[in-house]
Trainee: 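Structure incoming, see below.
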Amino acid sequence: MKHLNLKTATFIFVCIFSFSLFTACKKEKEISEVQKMLKLMTLEQKAQLVIGTGMLIELPEEMTKFMPDSILAKMPSGFNGIVKSKDTNYIKMVEKLWTYLPGTAGVTAEFSSLNITSQVLTDGPAGLRIKPIHKNTNQTFYCTAFPIATVLASTWDTHLVYSVGKAMGEEVKEYGSDILLAPALNIQRDPLCGRNFEYYSEDPLLTGKMAAAMVNGVQSNEVGTSIKHFAANNSETNRLSVNTIVSERALREIYLKGFEIAVKEAQPWTVMSSYNKINGTYASESEDLLTKILRDDWGFEGYVMTDWGGGSDLVAQMNAGNDMIQPGTPQQVEQLIELVKSGKLDENILDRNLERILNIMLKTPRFNNHSISNKPNLEAHASITRKAATDGMVLLKNDNKALPILKEVKNIATFGVTSLDIIAGGTGSGDVNEAYTISLFDGLINGGLTPDSELAEIYTKHIENEKAKNLKSGNFLTDFMGGTVPVAEMSVSKEIAAKMANKNDIALITIGRNSGEGGDRKAESGDFYLNENEKEMIQNVSEAFHKNGKKVIVILNIGGVIETASWNSLPDAILCAWQPGQEAGNSIVDILKGDVNPSGKLAVSFPMSYDDTPTAKNFPGQEVKLVGEEDDKPDQSGFSFMKRVPWEIVYEEGIYVGYRYYNTFGVPVAYEFGYGLSYSTFEFSNLHLNSNKFEDNLQIYVDVKNTGHIAGREVVQIYISAPQGQLGKPEEELVAFAKTKSLQPGESERITFKIAAMDFASFNEKNSGWVVESGEYILKVGASSKDIRDKNTFTVSEDLNLETVSKALIPQQKINELKK
Ligand code: BGC
């Protein structure tokens, strides 16, 4: 026996030793390979690699004729098909790069004599965004429009999100991209942010876990991701110049936390810095953000790229650790060369940044000669999409078991323009060119039901008429990128409602909203609030159908939160389907029929009114009057279609974002964070902790039982209420969550959690450290942030001073106070 042990031990030792040697050698080889490349690169080539090669943009003349010359002069290569450079070799190279993947957002330079290959960088969060039709081939290049990020977060299921990422990554690889410009994980600070649909949640833990799962899923294909927009980019108004003023504590606990989790748990290949300034400095020029926090504190190993046209000062960007400028202009290439020649930019810094870019290049499919099939498994991905969407839909109301619809229900009246013209996802770079989108109408037919064709005809005509008007959304980027503008809702008279109620078994009403980058939504009717036609539609249809003893179901086809409190008493059920991706109609019908039992939970609170939100007072910020020197400073912006208006937004609410605010200050909401109904019921029992005294970690056990009549899944949410201490704490904070397997009626599952001190620590600005203050803590297990099913307590006997991190991103006001 002894002999065997010795043999085994020797064997293990030899294995470990050889493996370490192999890894060390591999690393050594990589380093030397990159160093070798660097040594051979000319300054021109270096500049051409850190600056992107432009972007193929074809704008119609009616748009360009209004652009001032100052903006036109700064357009990237590729603008209207022209590469502006004196260097003919460069022109040839760039023209070739653009053929690699039509529709991609960026491509980096390649130098074949040095074995440096191009990296193709492609949007975005809901699926690969490329041109579906390419010149000189009949083949199509459609991608899967997966559910928007808010849907994925509402699944609370990291395994599912991993599988979505895996599928998305396969399309990235098989269509010939190297890096997906996703996931986007800014906090949904205010319901009106135009890009909320691209983001996960108002909570940093849920955000971080979702993003990490997505990155791991995508990168399992050996392609990269770019987590974005780093950081504190929570609104779109004047996004290129907005200065976000935010406390260090709110940054660390709320706005950076998700990124920290994603970096530590998934090591994304790249990070995209955001457009905005943080406490006075552009994110892409902030060494605090990109070096001290991202690399020194968190251990990020990849490279950082700007958002497209972000920031202003090349030297500051290079020094800060913003390794790559996207999309890049030929002027920037020339400027960079001059900066090095004149000694304003240290070439060693340039080399440092290049080394990071080249290290990632070594991992890319293109460098590793992956042969592109152009045939990802779109069919399999459509099923993943269909499932992910059903799991992220949230059942907000279900009086008297209005859902699932009864077997006898066959004839269905579908009201609302988005029943036919359903919105799969938001606009801008987060939009996907999918082959098809299943409308609710078609989903019903696919599900063996009969939507009313007379009503559909009325809507079809209305939609056609409205579309013929060629209405624009008013958001330049949406209009220019061909995003869908929701058709205005038509009025539904009492007569039509009555007629439909007579001949149909049930009514479905969809309410649709869309938005996208470059613009925020408004707290107005037709946007955050329903407009008159929508209110009248819900009112008249509910009255008519109820008179006939028939049910009314409202389906929200939205990308961000809307007001529901003033009308939610009218219908029998409300399903928040969000923007569910290309299988939209099929996914919704899976829930309506009960083929899938809803298990989504809100990742964001639905306030009673917009004025109730903690951020309403200062969203989306205000213009700043510059004085003196600042005023005369020329606009040094990179390429951009938009003017840089000096703008500021103050995050006065600090850490009290979303439910942290509503629950602490007792502000009622329409639907709380973590809320969502099921067709079944679940009982939580036997909550217990391994100890009531906190030492290194806490183990939590809870049993969940399906007490209903159909199989279903429940999300178990663990919140902690901390003592107020020196720092002050929200009423509760989410510290862990898990989703059960599908439980049969009567079946139970024991869920176990392990939480560490860092999971509920606070950030102390005084010493830039994380601390758990001593006192009695309440641990709550809930089915939502308000529906707390059981509690327990534990004590922390003395302050636990955890990690201290870089002193960084101090607000100006605080610097002034410190100086006093
Ligand atoms: C967006 C990014 C996107 C990039 C490239 C920018 O306008 O903010 O999210 O990845 O364009 O399309």
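Counting starts at 1 for both ligands and their atoms, following the listed order. Start at 1 with the first residue, then count along the sequence.
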Trainee: Quick one: look at Arg129 and ligand 1, take heavy-atom pairs under 4.0 Å, and tell me if it's side chain, backbone, both or neither.
Mentor: neither

Trainee: Does an N or O from Glu198, backbone or side chain, lie closer than 3.5 Å to an N or O of ligand 1?
Mentor: no

Trainee: For ligand 1, is there an atom lying under 4.0 Å from some heavy atom of Arg239?
Mentor: yes

Trainee: For Arg195, counting its heavy atoms only, list the atoms of ligand 1 lying under 4.0 Å from any of them.
Mentor: 1 (C), 2 (C), 8 (O), 9 (O)

Trainee: Under 4.0 Å from a heavy atom of Met272: give me the atoms of ligand 1 that qualify, with their elements.
Mentor: 10 (O)

Trainee: Identify, by atom number and element, the atoms of ligand 1 in contact range of Lys228, meaning under 4.0 Å from any of its heavy atoms.
Mentor: 2 (C), 3 (C), 9 (O), 10 (O)

Trainee: Under 4.0 Å between a Lys/Arg side-chain N and an Asp/Glu carboxylate O for Asp527 and Lys522?
Mentor: no

Trainee: Taking the non-hydrogen atoms of Gln326, is any one of them nearer than 4.0 angstrom to ligand 1?
Mentor: no

Trainee: Is it the case that ligand 1 has an N or O less than 3.5 angstrom from some N or O of Trp308?
Mentor: no

Trainee: Identify the residue among Glu198, Glu517, Arg239, Arg195 that makes a side-chain hydrogen bond (donor to acceptor under 3.5 Å, both in side chains) with His229.
Mentor: Arg195

Trainee: Which pair of non-hydrogen atoms, one from Gln267 and one from Gln219, has the smallest distance, and what is that distance?
Mentor: O-NE2, 3.2 Å

Trainee: Do NZ/NE/NH1/NH2 and the carboxylate oxygens of Glu260 and Lys257 come within less than 4.0 Å?
Mentor: yes

Trainee: Pick from Thr108, Ile51, Val107: which one makes a side-chain contact (heavy atoms from CB on, under 4.5 Å) with Gln326?
Mentor: Thr108

Trainee: Any ion pair linking Glu285 and Lys277 (charged N to carboxylate O, less than 4.0 Å)?
Mentor: no

Trainee: Would you say the side-chain atoms of Arg295 pair up with the backbone N or O of Gly302, donor to acceptor, closer than 3.5 Å?
Mentor: yes

Trainee: Which atoms of ligand 1 have any heavy atom of Ala105 under 4.0 Å away?
Mentor: 5 (C), 12 (O)

